[in-house]
Amino acid sequence: MTDAILPYGRQTIDDDDIAAVAEALRGDFLTTGPTVERFEQAFAEAVGARHAVACANGTAALHLAMLALKVQPGEAVIAPSITFLATANCARYVGADVIFADVDPASGLMTPATLKAAIGKLAGRRLRAVLPVHLRGDACDLPELEKLAYQHRAVLVEDAPHALGTTAKFGNVAETIGDARHSAMATFSFHPVKTIATGEGGMVTTGDPKLAERLRLLRSHGMVRPPKADLWWYEMPEPGFNYRLPDILCALGLSQLAKLPRFAERRRALAGAYREALAPLAPIVRQAAQPAYSDPVLHLMTVLIDFAAAGTSRREVVEALKAEGVLTQVHYIPVHRQSYYRGLYGEQDLPGADAWYAKCLSLPLYPGMADEDVGRVVAALKAALRL
Ligand SMILES: *Cc1c(COP(=O)(O)O)cnc(C)c1O
């Protein structure tokens, strides 16, 4: 299968996943049914959170988090510039301003220093939330980010779709990303490239029962059924959305979640193989810097490439790799460079984000890859860089 095309990421769906969906289809509930709660409970347990609320996708999870916190128009939310669009957009959905934080150009992560700099740009606006992104699967420095947010009476909302399975050791305490120990909430996505897949799907975890209740309300139109009311009765204290995750997809999610240990082990093994195979390509190719406290299950195999020093360009390398059946992706184009945000906030100088963007490239990484595939990717990269 050496000619097979290697995407940068893809789902692993087995026969038992298909059987789980088929069973849900034969059941009484295609949407809101008992599997939703089962998936939520299993997910909460897997990441060590008190509550988990399933929703339509990772973007809806972020939107629900902003709504649950009652973030108001004109207030401020800080997001790193190196992330997917949705991390910033969720603030705009509720009329809040996005302040883009720079990132460490070696790790791509928002750091206490870059958060401090972003807080310096509040210009009188009230800071409500800081959204750390555990880029590619490496954890952000949550205790320090939390301290900084707390000084402004703001909370962390972790955008964690890359970091399902990641653990981090802050001091002597080992924590699982998603346990929401340092944050008000953490959000996940089950898009097919993510660590577990439901097609579309998302989750919000929290330790706060009031936030969990609000999230449940807001994902289903804001409808409340008071306990002693008539059987047909419902009330709507505030409008919500239809952001539910159907029973069918929760059945798939449950089945996928049971495989998380296996997926994580496979991702760790492949990342280890990449580390070894890429070492001789230094200093032209380096792995994204892993913080000492982070023990990641990598979602993305992101490398930093000095294209200029290799006498080539990213475009040439991406196309040469594609010709060999190796598909890559760039994570990410700095969000502050998007025309919408340029129009809204003007040009901004975030040198760490620009430096990261200039060099980053994500190589194929997913549990279905064979060991030989790593060698094939690295050989193709070496040839493309004429090393
Ligand atoms: C995938 C992703 C999202 C959005 O998730 P969807 O399920 O595609 O809506 C948001 N943030 C990050 C960092 C992501 O990787």
Side-chain angles (χ1 to χ4, degrees), residues 7-11 39 43 47 52-67 77-94 98 100-101 103 107-110 129-140 142 145 156-166 177-178 183 185-205 215 219 241-246 249-250 252-253 256-257 267 288 294 296-302 329-336 338 341 353 356-357 360 362 365-366:
Y8 81 88
R10 67 158 289 153
Q11 71 278 13
F39 182 37
F43 194 91
V47 301
V53 179
C55 61
N57 53 63
T59 305
L62 287 162
H63 188 191
L64 286 171
M66 294 299 103
L67 293 166
V77 167
I78 294 177
S81 181
I82 296 297
T83 184
F84 184 57
L85 303 168
T87 321
N89 291 350
C90 70
R92 299 298 303 146
Y93 298 161
V94 294
V98 185
F100 289 102
V103 301
S107 71
L109 299 173
M110 175 163 68
V130 175
L131 278 71
V133 175
H134 306 299
L135 190 69
R136 86 191 149 270
D138 267 319
C140 292
L142 292 172
L145 298 180
L156 301 186
V157 174
E158 301 168 67
D159 191 17
H162 297 190
L164 182 56
T166 289
I177 295 300
S183 63
M185 287 166 276
T187 63
F188 291 88
S189 160
F190 311 127
H191 180 278
V193 296
K194 308 291 162 78
T195 307
I196 65 167
T198 63
E200 299 286 353
M203 192 75 78
V204 187
T205 60
L215 290 164
R219 83 168 160 193
F241 291 79
N242 181 350
Y243 278 165
R244 296 184 300 257
L245 189 63
L249 297 186
C250 288
L252 180 54
Q256 286 268 297
L257 189 63
R267 284 181 178 274
S294 176
V297 170
L298 288 186
H299 155 58
L300 299 170
M301 187 64 221
T302 307
Q329 187 52 280
V330 170
H331 296 97
Y332 290 96
I333 301 167
V335 183
H336 77 281
Q338 293 297 337
Y341 286 110
W356 169 271
Y357 170 63
C360 70
S362 299
L365 179 68
Y366 51 93

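Note that ligands are numbered from 1 as they come in the structure, with each ligand's atoms numbered from 1 the same way.
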Side chain to side chain donor-acceptor pair (under 3.5 Å) against Tyr341, all qualifying residues, sequence neighbours excluded:
Asn89
Using a 3.5 Å distance criterion without hydrogens, assess whether the side chain of Arg267 forms a donor-acceptor pair with backbone atoms of Pro296.
no
Checking Phe84 now: which residues fulfil ring-ring contact (aromatic ring centres under 6.0 Å, His included) with it, not counting sequence neighbours?
none
With sequence neighbours left out, the residues meeting ring-ring contact (aromatic ring centres under 6.0 Å, His included) with His299 are His162
For the aromatic rings, using the six-membered ring if either is Trp, is the centroid distance between Phe241 and Tyr93 under 6.0 Å?
no
Go ahead and list the nitrogen or oxygen contacts between ligand 1 and the protein that come in under 3.5 Å, distances to 0.1 Å, or just say none.
unit_1: ligand 1; atom_1: 5 (O); unit_2: Ser189; atom_2: OG; d: 3.4
unit_1: ligand 1; atom_1: 7 (O); unit_2: Gly58; atom_2: N; d: 2.7
unit_1: ligand 1; atom_1: 7 (O); unit_2: Ser189; atom_2: OG; d: 2.7
unit_1: ligand 1; atom_1: 9 (O); unit_2: Gly58; atom_2: N; d: 3.3
unit_1: ligand 1; atom_1: 9 (O); unit_2: Thr59; atom_2: N; d: 2.9
unit_1: ligand 1; atom_1: 9 (O); unit_2: Thr59; atom_2: OG1; d: 2.6
unit_1: ligand 1; atom_1: 11 (N); unit_2: Asp159; atom_2: OD2; d: 2.7
unit_1: ligand 1; atom_1: 15 (O); unit_2: His162; atom_2: NE2; d: 2.8
unit_1: ligand 1; atom_1: 15 (O); unit_2: Lys194; atom_2: NZ; d: 2.9

Using 30° and 60° as the class boundaries, would you call the ring planes of His336 and Phe100 parallel, tilted or perpendicular?
tilted
